Amino acid sequence: MSRTRLNIFIEPAHAKRLDQISAHKGVSKSAVIAAALASFLSPDGEDQREAALAKRLDRLSRQFDRLERDQGVLIETVALYLRHYLTVALPVPEHQQEAMRAQGRARYAQFIEQLARHIQRGRSLVREIHHEIEPTAPAHQTGEGHQPPSSEGAIRGDDPAMSSEGGKP
């Protein structure tokens with residue numbers, strides 16, 4: 001087989017990587033470059049790159065769909081809470097407002113502590129809700145390989161991480 005000699009210039013980082021690969025594979029640098037060039041120029045090479053790109057785009061699309069779904073759940077949750085709160089909340093007399101603000105700050109600090117514990121345990125209320133809504137969803141759709149614990153206890157106030165002042169979150 002006749003070969004043509006080429007003098008090429010490459011980046012120092014590429015030269016170092018070429019040295020590492022040729023030493024690791026036990027082949028010459030010319031063989032590594034020839035294989036890389038053959039792969040790049042191969043008619044199947046374009047199809048392989050396109051398939052790899054399509055696979056990555058599909059994965060990103062599924063991740064985006066999960067984010068969109070989770071965002072929808074969060075928006076609905078906040079909207080329902082607001083509607084409930086605004087329906088049942090009584091106006092606070094002016095002489096009690098400072099005490100209510102102090103109590104609100106204390107409750108907020110407690111909420112943040114509970115949230116931190118919940119997140120440190122690797123739990124996700126959004127995933128738990130999705131699991132309850134779609135119990136037959138495949139693991140790749142929920143992003144988990146195991147069943148998350150039921151959130152019914154947290155909703156009822158049975159979850160110790162969510163308990164405070166008489167079982168209220």
Side-chain angles (χ1 to χ4, degrees), residues 10-21 24 36 39 45-169:
I10 60 175
E11 298 291 323
H14 293 146
K16 184 178 178 182
R17 185 73 177 126
L18 179 60
D19 288 338
Q20 292 171 343
I21 291 173
H24 178 71
S39 174
E46 181 64 32
D47 292 340
Q48 291 172 347
R49 286 188 293 277
E50 187 176 322
L53 184 61
K55 185 177 178 180
R56 287 184 196 123
L57 286 173
D58 287 344
R59 186 182 68 231
L60 287 171
S61 179
R62 285 190 307 273
Q63 288 173 338
F64 181 75
D65 289 344
R66 279 192 302 270
L67 286 172
E68 188 176 37
R69 178 196 66 191
D70 291 352
Q71 183 183 27
V73 167
L74 292 172
I75 288 169
E76 287 299 316
T77 302
V78 170
L80 284 171
Y81 174 78
L82 266 170
R83 182 171 60 183
H84 172 76
Y85 176 79
L86 294 173
T87 302
V88 300
L90 299 173
V92 178
E94 194 167 321
H95 68 280
Q96 293 180 346
Q97 286 183 358
E98 190 55 42
M100 292 298 286
R101 282 189 198 105
Q103 186 179 28
R105 285 189 293 272
R107 286 181 178 176
Y108 182 74
Q110 185 179 24
F111 166 76
I112 294 298
E113 290 171 9
Q114 290 173 351
L115 179 64
R117 283 194 303 269
H118 193 79
I119 290 172
Q120 286 172 346
R121 291 182 185 141
R123 296 174 64 187
S124 169
L125 186 58
V126 172
R127 282 192 299 255
E128 291 174 12
I129 290 169
H130 284 298
H131 180 70
E132 289 178 7
I133 293 171
E134 302 169 6
T136 59
H140 74 275
Q141 285 183 351
T142 60
E144 292 190 38
H146 68 282
Q147 285 187 334
S150 172
S151 63
E152 288 179 19
I155 293 170
R156 286 192 314 262
D158 298 342
D159 185 357
M162 296 299 289
S163 65
S164 71
E165 299 182 9
K168 295 179 202 169

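Keep in mind that this is a model prediction, so the values were computed, not measured.
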* Asked: Would a 4.5 Å heavy-atom cut-off, applied to side chains only, mark Thr87 and Arg83 as touching?
  -> yes

* Structure fact -> In terms of heavy-atom contacts, Val92 and Gln97 come closest through O-NE2, 3.4 Å

* Got a second to check how far Ile75's CD1 is from Asp70's CG, nearest 0.5 Å? -> 11.0 Å

* **Non-neighbouring partners of Tyr81 that pass side-chain contact (heavy atoms from CB on, under 4.5 Å), sequence neighbours left out** => Tyr85

* Asked: Within a reach of under 6.0 Å around CZ of Arg49, are more than 12 heavy atoms found that belong to other residues, nucleotides or ligands?
  -> yes

* From CA spacing to verdict: side chain to side chain contact (heavy atoms under 4.5 Å, CB included), Arg62, Arg66 -> CA-CA 6 Å; Arg62 285 190 307 273; Arg66 279 192 302 270; 4.2 Å; yes

* Structure fact -> side-chain contact (heavy atoms from CB on, under 4.5 Å) with Arg123: of Gln120, Arg127, Arg121, only one passes, and it is Arg121

* Check against side chain to side chain contact (heavy atoms under 4.5 Å, CB included), Leu74 and Val78 -> CA-CA 6 Å; Leu74 292 172; Val78 170; 5.6 Å; no

* Got a donor-acceptor contact below 3.5 angstrom from the Thr77 side chain to the Val73 backbone? -> yes

* To do: Flag the pair Arg69 and Glu76 as a salt bridge only when some basic side-chain nitrogen lies within less than 4.0 angstrom of an acidic carboxylate oxygen.
  => no

* Counting only heavy atoms not in Glu94, do more than 12 fall under 6.0 Å of its CD? -> no

* Has Gln96 got more than 12 heavy atoms of other residues, nucleotides or ligands less than 6.0 Å from its CD? -> yes

